[in-house]
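What follows is a short report on a single structure.
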Amino acid sequence: MRGTHRILAMIVALLALQLGSLIAPAYACGCGAMIPDRNHRIGVDRETSALRWDGRTEQIVMRFTVRGDAERAAWIMPVPGRADVTLGDAELFDALDDLTRPEYRTRHHFWPRGGNWPFDMGTSDGAAGAAPGKGAPDVGVVGRERLGPFDVARLTAGDPDALSDWLKTNGFELSDRLAAELTPYVEQKWEYVAVRLAPDTTDAGTGTSTAVQVLGGELTPLRISFASDRLVYPMRLSRLARTPQSLGLYVLADHRMEPRDDIGGARPEVRFAGEIEGTEGEALASLTGGRQVYLTALEQEFPVPSRIDGDHVLRTVADTPYREVIHTDRLLTVGDGIPVWLLTVSGVLLAVGGAVVAVRLRRRRPAVRSAA
């Protein structure tokens, strides 16, 4: 009986844990913290950002892919200087995806492998900032505007608790844990971009309200620009995420650039590195100014977000070009798909067989005796 009770207790505990994970909000976002309204949940499955840095100004174009049942959500992003915020262009990421697409090559092998006859009768092709002035209020509102589905507030703060209070008073949900994580940015005198997201519920043609929709899929990109003498990508707030995080970065600069360290995640992987013309479509030209730039595409996984211990600071490295190559292995054949190995082996066997026959025939010939 005791064993049965223990098993039942474990099952109840597991169910409670699962239920809690469904109800609790997910703080997910590589460069900030996304918070849904209460009693709803939201998660960021994927965050992709394009970073443009010319040595003086940094621009970040961010796109989130979200899931959940929230009708609205908010997030906050620390930035090292005074920020300008505009809507981004989703076509930018289509252009960058095309430029960094892997190269596909066919690689032939001579001997049969799994999936080739006679090992398998089927076929299988394996593929492989500016600080508030003296005497300034604890929270200063630099600007606030409506950009498409975004309500954007640009803020300064000299106290994390005051920042937390302002956000809550103005409809930005903020957890106590998140307020504590903002303290290092306040101490460094960074500024903040606070964003509330909600699907557009107004018909552009009639001006009438439509049915409220939940946030889901790819959200409209947001473009944030600020002065910076180094290329930095804020990540510290992602340590509050409760599920593994995935980050994709497209870095456009004068040279190839990579993170200085992994900041608590898996080692960043380079998917592409090379010079590109900054004129591949209006969206890319708008970001690069139409100039030739060096593009580095990076991927990083954060299996345990709580281990994130800082922000990404990227540094210049050697301009070594790289493009991912995906091989398709195929058996070497001729004609109507006849394996070369089969023809070769058959030819060798025939040659060996012929040689054996010739030797036997030679041995059977009677010896010719010469006359005495």
Side-chain angles (χ1 to χ4, degrees), residues 45-46 48 93-128 244 246-252 255-259 261-262 265-277 279-281 284 292-303 316-372:
D45 287 332
R46 173 73 174 170
T48 306
F93 296 97
D94 294 334
L96 292 172
D97 286 344
D98 289 339
L99 288 168
T100 59
R101 200 176 301 280
E103 179 181 348
Y104 291 85
R105 297 179 184 174
T106 299
R107 182 170 54 190
H108 292 91
H109 53 271
F110 180 82
W111 294 109
R113 301 176 182 176
N116 301 136
W117 184 88
F119 300 112
D120 190 342
M121 295 304 293
T123 58
S124 174
D125 293 329
S246 174
L247 175 66
L249 291 180
Y250 293 104
V251 184
L252 299 129
H255 299 281
R256 175 171 169 171
M257 303 196 75
E258 297 181 13
D261 54 55
D262 57 24
R267 182 174 181 176
E269 296 183 4
V270 176
R271 292 197 303 106
F272 176 89
E275 286 187 339
I276 64 167
E277 297 294 335
T279 55
E280 297 287 337
L284 183 58
Q292 186 179 54
V293 294
Y294 206 97
L295 171 60
T296 311
L298 301 162
E299 293 279 345
Q300 188 176 18
E301 302 295 329
F302 295 91
T316 301
V317 297
D319 290 339
T320 305
Y322 171 78
R323 183 184 292 273
E324 181 182 4
V325 177
I326 298 178
H327 289 97
T328 299
D329 292 322
R330 296 184 183 277
L331 183 65
L332 189 62
T333 61
V334 295
D336 295 329
I338 302 174
V340 173
W341 73 266
L342 184 59
L343 293 177
T344 303
V345 172
S346 299
V348 171
L349 291 176
L350 288 173
V352 172
V356 171
V357 170
V359 170
R360 289 183 177 179
L361 289 176
R362 190 176 299 123
R363 289 178 178 177
R364 290 179 181 179
R365 291 177 182 173
V368 178
R369 296 182 180 180
S370 59

- [ ] Test L247 against F302 for side chain to side chain contact (heavy atoms under 4.5 Å, CB included), laying out the working first.
- [x] CA-CA 8 Å; L247 175 66; F302 295 91; 4.2 Å; yes
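Contact detail for R271 and Y250: the closest heavy-atom pair is NH2-OH, 3.5 Å. Across every non-hydrogen atom of E258 and R256, the tightest pair is OE2-NH2, 2.7 Å. Heavy atoms only, all atoms of each residue included: E277 and L284 are closest at O-CD2, 4.1 Å. In terms of heavy atoms, A95 sits closest to E280 at CB-O, 3.6 Å. Nearest approach of S246 to E301, heavy atoms of both residues: OG-OE2, 3.3 Å. Pairing each heavy atom of L298 with each of P259, the nearest pair is CD1-CD, 3.7 Å.
Atom CD1 of I276 is separated from atom OG1 of T296 by 9.5 Å, given to the nearest 0.5 angstrom. With values rounded to the nearest 0.5 angstrom, L249 atom CG is found 8.5 Å from E299 atom CD. Separation of atoms CG (L252) and CG (L99) is listed at 9.0 Å; rounding is to 0.5 Å.
Applying the 6.0 Å contact sphere to CD of E269 captures no more than 12 heavy atoms from other residues, nucleotides or ligands.
Contact annotation: the side chain of L295 approaches that of F272 to within less than 4.5 Å [non-hydrogen atoms, C-beta and beyond].
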